[in-house]
Chemist: 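Take a look at the following structure, please.
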Amino acid sequence: MTSFTFLGIESSCDDTAAAIVRLGDLGGEILSSVVEGQFALHADFGGVVPEIAARAHTERLDDCVEKALAEAGLTLAHVDGIAVTSGPGLIGGVLSGVMLAKGLAAGSGKPLVGVNHLAGHALTPRLTDGLAFPYLMLLVSGGHCQFLITHGVDRFERLGGTIDDAPGETFDKTAKLLGLPQPGGPVVEREAALGDAKRFRFPKPLLDREGCDMSFSGLKTALLRTRNALIAEKSGITVQDRRDLCAGFQATVAAVLAEKTRRALTTYLKHSPAKPTLAVAGGVAANGIIRADLEVVCAAAGVRFLAPPLWLCTDNAAMIAWAGIERFKAGVGDASDLVARPRWPLDITAPPMIGSGKKGAKA
Ligand code: KG4
Ligand code: ZN
C-alpha cells in the first residue's frame, strides 16, 4: 500500500496549529502535532477578537509549521501534500492559513487540499480508531453543536444542532456570571460536583419539539435570573448557592444532549450500520456527567460510544492533515476551488444554521 504523509494547517479560530500525519499499512499515525492557543490574548475581551486572532495566526503559523516538520524529523520535501482549513471560521484567521498553504504548495510543487474544519472533527475517529462509515458524530464545543451522520469522506447528513449558543459557550458564560475563571467548562464541572443538581430547576428549551435541534441561550438567561433573585434575597450568593447553580445548569445541558442524542440515534439506526457507533468531538465532550449520560443512552440503544483522546477532540491540525489525506485519496481534494469561506455547512441540504457565536459564524 502507498503511504501518504500530509502537513496539516489550522487557524480558523483561536488555536494556531500545524501537524504531520501519515497513512500507512496500519492506518493513520500522528508524527507531530503543534497547537499554540491564544487564550491569554483574548482573556480581557470576553470572547475571541477576530482581528487579534488573525494577526496572531499570521505571526505564529510559520513557526508552528517549522516545529511540526522538525518534530516529525522531516522537511517539506518529504511530505506528499498540504491540507489547510479553508472554512468555516473567523475569516481573517482562515485566510492566514490558506495564504500560507498556497505559498508552501506553490513553492514546493506539492498538492494542496482545502478541508472543512467540521469535517476534520467528524473524520477524527477514523484516524484514531479506523472507524467505518456510517457513524453518528456529536460535535459539541465552544463554537459548535451538531449531530452529523458521517456517511463518507465527503458525505455528511446533519440531523440538527443548536439554533443559538453552543454548549461550551454557555458553560463559559455561566462561569462568568458566577465569578468563576475561564474557560468555564472545567471549573463549572468541578463546582457542580460539590452541588445539588435538584435544588434549581432550569428550562430545557426545544425538548418538547420534535427533531434534534437544540437551544441553550435561554438557559443562560434563566441562570442569570436565579442568581439575581438570590442576590436580591440575601444580598449575595454563598459558595453552596454557586455550586448548586453549577450542578443544576450542568444537569440541564446533559439532559438536553442526552435526549437529543437518543433521537439522533433512532434516525441513524435506520441506516442499519454494521457496527453502530456514536463518536464525540469538541471540548465539552470532556465533561464527565455529559459523557456518562451519553454512554447510558448509547448502551440502551446498543450503540458503541467512542471518544477520541481529548487533545484530538479539541482544535488541532492533525485532524486537518488526516481529512486532507482522506480527501486526496478519495479524489475530492481539488485546490483549484480553494477559497477561504467564513460559512461552509457540511450538509447543504439541511436548513442553514442561523446567527453566530463568540467564535464566529455557525455552519
Ligand atoms: O473544542 P474546544 O477546545 O474549542 C472550540 O470550541 O473551538 O472547546 C472549548 C470549550 C470551552 O467552551 C470550554 O469551556 C468547554 O469546551 N469545555 C468544557 C469542559 N472542558 C472544556 N465544557 C464542559 N465541561 C468540561 N469539562
Ligand atoms: Zn473545532
Side-chain angles (χ1 to χ4, degrees), residues 8-17 19 33 35-39 42-43 46-48 50 53 57 85-90 93-94 97 115-124 137-146 148 161-162 165-178 180-193 216 219-220 246-247 249-254 256-257 279-294 307-320 322-323 344 346 356-363:
I9 296 172
E10 157 64 36
S11 58
S12 65
C13 188
D14 55 351
D15 288 303
T16 314
S33 177
V35 181
E36 283 191 17
Q38 302 180 356
F39 186 73
H42 305 284
V48 178
H57 287 307
T85 302
S86 49
L90 299 171
V94 179
V115 169
N116 182 308
H117 177 88
L118 304 174
H121 281 302
L123 295 171
T124 299
M137 161 64 61
L138 169 59
L139 177 54
V140 63
S141 70
H144 300 288
C145 181
Q146 51 187 287
L148 292 163
T162 181
D165 293 351
E169 226 169 326
T170 330
F171 269 93
D172 295 340
K173 284 175 184 165
T174 294
K176 203 169 166 198
L177 286 175
L178 299 177
L180 296 167
Q182 298 293 313
V187 195
V188 170
E189 182 174 11
R190 272 201 297 280
E191 290 288 298
F216 294 102
L219 181 53
K220 175 190 63 198
C246 286
F249 159 81
Q250 178 178 261
T252 308
V253 176
V256 171
L257 285 170
V280 288
V284 181
N287 186 286
I289 298 290
I290 292 175
R291 211 182 252 241
D293 282 6
L294 293 178
L310 193 62
W311 63 282
L312 289 170
C313 279
T314 54
D315 286 352
N316 66 86
M319 67 179 191
I320 303 304
W322 173 256
W344 183 2
L346 277 179
S356 59
K358 67 169 185 168
K359 297 194 169 188
K362 301 260 182 282

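First listed ligand is number 1; within each ligand, the first listed atom is number 1. In this chain, numbering begins with 1 at the start of the sequence shown.
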Chemist: Which atoms of ligand 1 sit under 4.0 Å from any heavy atom of Gly143?
Modeler: 6 (O)
Chemist: Which residues and atoms, protein N, O or S only, are under 2.8 Å from the Zn ion (ligand 2)?
Modeler: His117 NE2, His121 NE2, Asp315 OD1
Chemist: Quick one: does Pro186 get within less than 4.0 Å of ligand 1, heavy atoms only?
Modeler: yes
Chemist: With a 3.5 Å distance limit and no angle check, can you tell me whether Asp172 reaches the backbone of Gln182 through a side-chain donor-acceptor pair?
Modeler: no
Chemist: Tell me if a side-chain donor or acceptor on Asp15 pairs with a main-chain N or O of Ala17 at a distance below 3.5 Å.
Modeler: no
Chemist: Any side-chain to backbone donor/acceptor pair from Glu191 onto Val188? Under 3.5 Å, distance only.
Modeler: no
Chemist: Do the side chain of His121 and the main chain of Met319 share a donor and acceptor less than 3.5 angstrom apart?
Modeler: no
Chemist: So for ligand 1, is Gly185 a polar contact partner (N or O within less than 3.5 Å, distance only)?
Modeler: yes
Chemist: Is it the case that ligand 1 has an N or O less than 3.5 angstrom from some N or O of Phe171?
Modeler: no
Chemist: Just by distance, no angles: are the side chains of Asn316 and Glu10 close enough, under 3.5 Å, to form a donor-acceptor pair?
Modeler: no
Chemist: Which atoms of ligand 1 have any heavy atom of Gly282 under 4.0 Å away?
Modeler: 1 (O)
Chemist: Is a side-chain N or O of His57 found less than 3.5 angstrom from the main chain of Gly93, in a donor-acceptor match?
Modeler: no
Chemist: Begin with the C-alpha distance, continue with both residues' side-chain angles, and end with the deciding distance and a verdict on side-chain contact (heavy atoms from CB on, under 4.5 Å) for Leu219 and Phe249.
Modeler: CA-CA 8 Å; Leu219 181 53; Phe249 159 81; 3.7 Å; yes
Chemist: Provide the number and element of each atom of ligand 1 under 4.0 Å from a heavy atom of Asp315.
Modeler: 7 (O)
Chemist: For ligand 1, which atoms have a heavy atom of Gly184 less than 4.0 angstrom away?
Modeler: 14 (O)
Chemist: Please list, in number order, the atoms of ligand 1 under 4.0 Å from a heavy atom of Gly142.
Modeler: 5 (C), 6 (O), 8 (O), 9 (C), 10 (C), 12 (O)
Chemist: Please could you name the atoms of ligand 1 that Asp172 approaches to less than 4.0 Å, counting only its heavy atoms?
Modeler: 11 (C), 12 (O), 13 (C), 14 (O)
Chemist: For ligand 1, which is the ligand I care about here, please tell me if Asn287 has any N or O atom under 3.5 Å from one of the ligand's N or O atoms.
Modeler: yes
Chemist: Can you check whether Gly87's main-chain N or O pairs, donor with acceptor, with Thr85's side chain at less than 3.5 Å?
Modeler: no
